[in-house]
Amino acid sequence: MKTISAVILASLSLAFSSVRAASPPKDVSSLLGPIIQKNDLPGMAAVVVRKGEIVALGIAGVRTRGRGDKLAANDLFHLGSDTKAMTAFLCGILVDEGKLKWTQTLGETFPELKKSMRPEYQAVTLEQLLTHRGGAPGALEKDELWGRLRQHQGSATSARRLLLKEVTSKPPEAAPGGKYIYSNAGYAMAGHMAEKVTGKSWEDLMREKIFRPLGMTSAGFGAPGSAAKNDQPRGHKADGSPVEPGPEADNPAAIGPAGTVHCSIEDWAKFAAAQLPSAKIKLVKPATLEKLHTPAAGEPKYAMGWIIADGQPWAGGRALTHNGSNTMWMVTAWLVPAKDSAILVTCNQANAKACNDAVLTMIADCFNE
C-alpha cells in the first residue's frame, strides 16, 4: 500500500472553533449525489471556504458500502498526502520560532549519524525535502524497508529514525537539489527534523502547533473509527470493499508526516482558511506563508505541500492544489488566494476523477455567481 498523490490541473484558537458563516452555508449535497452514482462510490463531502467562512457544504452517501449509515458533516476523512501541507506548515512555524531553518541540513540536525549518513544526504536541506528535491527515494521497498516499517513495534518517532538511517546510508535516487522526485520518505525525514530540534513527536507537534490553535478538535492520525462499530467512514479498496480500521487500513506511522492525518471536512476547512489572505489566526509570518506557497525552480511547480496551478481563469490567476490518497480514500484541495477562497473534496474510496468532478461542480456553482 503506497500513498498516491495525483494532481489534476484540468478544465485558531478555540475562538476560531468554527469556520461556518453567520448564516447557514449553502447546501450542495444534491450536487454530489450524481457524482457518487456515476462513479459508483460509497460517499463524499465538499466545502467551499470564502473569507474564512464555509459558504457551501455538501455531504452525500454512506460511511460503509453495503450498510445504511449515512455520512454526517462531522465524520472523519483520511487526508493522505494532503497531510504534507500541514507538515510543511508546522516546519514554517518552527522556522518562525527559530528552532529550524529552511537551509538547515540533515547533517547539521543529526550529527550523531555522520558515520552512516552518505555525504550527499548530509548536505540536503529542509527546504529541499519539503519540495521533493532532496534526492530521497520515491519508494521504500529496497532491503524490505517498507515491510520493516510496517512491522515496527516501537514509537512512531523511532520508526522515523529507522527510516532516516536506512535511506541516508544508501546513495540518493538523484543528486540532491535538482530532480523532482515525489518522496514520502523525504517528508518523513523533514518531520523527524522537527522532532529532533523540539524533543517532541511529530504527532504531538501537530496537535500543539496546528490542531489546537485552529480548533481542529476532530484531527488525529491513521484510519478513523473503531472496528467494533460503524462509527466513522471506512476507506474502500478499488473493488469497492470496505477496510476496517487497523494496521492494514493505513500506511506505516513512520511516514505520518507524508500522509496519515484524518479530520472532519469542516476542521480541514479551518486549516485551508489559515492559508488564505483573510486568515483570522495567522500561525506563521506573512513572509513564511509566501515561502511555503512558492515553488522550487523547475517542473513541476511544487511548493511545500502544494502544486502551483497558474493561469486558472476561474481562480483569477494562480491557484494551489494537492490530492491525497492512501489508496482507500481520496481528497482534493484547491486554494484560490485571489478570491480568498478554497475548495475541499473528500471521498471514502480512491477515485481522482470523482473528486475532480466535484471540484468542477463547486466551481460552476460557487465561483460563477
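Since we're looking at a predicted model, the values are computed, not measured. Because only heavy atoms are used, hydrogens play no part in the values below, and waters and symmetry mates are left out as well, while side chains stay in.
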Treating [X] as the side-chain partner and [Y] as the backbone partner, does any N or O pair qualify as donor plus acceptor under 3.5 Å?
X	Y	answer
D340	G52	no
H262	G222	yes
E144	K142	no
D96	I93	no

Would a 4.5 Å heavy-atom cut-off, applied to side chains only, mark [X] and [Y] as touching?
X	Y	result
L32	M362	yes
Q275	L320	no
L292	L130	no
D365	K26	yes
N184	L140	no

For V261, the option from F77, F211, W268 that meets side chain to side chain contact (heavy atoms under 4.5 Å, CB included):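 With V261 as partner, side chain to side chain contact (heavy atoms under 4.5 Å, CB included) holds for just one option, F211.
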
Residues E127, K291; criterion salt bridge (charged side-chain N to carboxylate O under 4.0 Å, His left out); working and verdict: CA-CA 10 Å; E127 180 175 353; K291 178 76 171 179; 3.1 Å; yes

I'd like to know if [X] pairs up with [Y] as an ion pair, taking the criterion as any Lys NZ or Arg NE/NH1/NH2 lying under 4.0 Å from an Asp or Glu carboxylate oxygen.
X	Y	answer
K196	E112	yes
D69	R234	no
R207	E203	no

Do you know the tightest heavy-atom contact between [X] and [Y]?
X	Y	value
R160	P257	NE-CD, 3.4 Å
V48	C366	CG2-SG, 3.9 Å
E53	K280	CG-NZ, 4.0 Å
A60	L71	O-CD1, 3.3 Å
T157	S201	OG1-CB, 3.5 Å
A315	A338	O-CB, 3.5 Å

Test log, rule side chain to side chain donor-acceptor pair (under 3.5 Å), inputs S81 and H322: CA-CA 8 Å; S81 285; H322 210 284; 5.5 Å; no

Is [X] linked to [Y] within one hydrophobic cluster, defined over Ile, Leu, Val, Met, Phe, Trp and Tyr using a side-chain heavy-atom separation of less than 4.5 Å?
X	Y	answer
L76	W329	no
M44	L31	yes
M304	I181	no

Listed partners of D310 passing side-chain contact (heavy atoms from CB on, under 4.5 Å), at least two apart: K301, I308, R318

side-chain contact (heavy atoms from CB on, under 4.5 Å) against Q122, all qualifying residues, sequence neighbours excluded: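 Q122: side-chain contact (heavy atoms from CB on, under 4.5 Å) contacts with K114, M117.
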
Ring centroid separation F221 to W202 under 6.0 Å: yes

W306 and K84: CA distance, side-chain angles, deciding distance, side-chain contact (heavy atoms from CB on, under 4.5 Å) verdict: CA-CA 8 Å; W306 298 100; K84 289 182 172 68; over 6 Å; no

Sole residue of N251, T83, D250 in side chain to side chain donor-acceptor pair (under 3.5 Å) with N326: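 So, applying the side chain to side chain donor-acceptor pair (under 3.5 Å) to N326 and each of N251, T83, D250, only D250 qualifies.
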
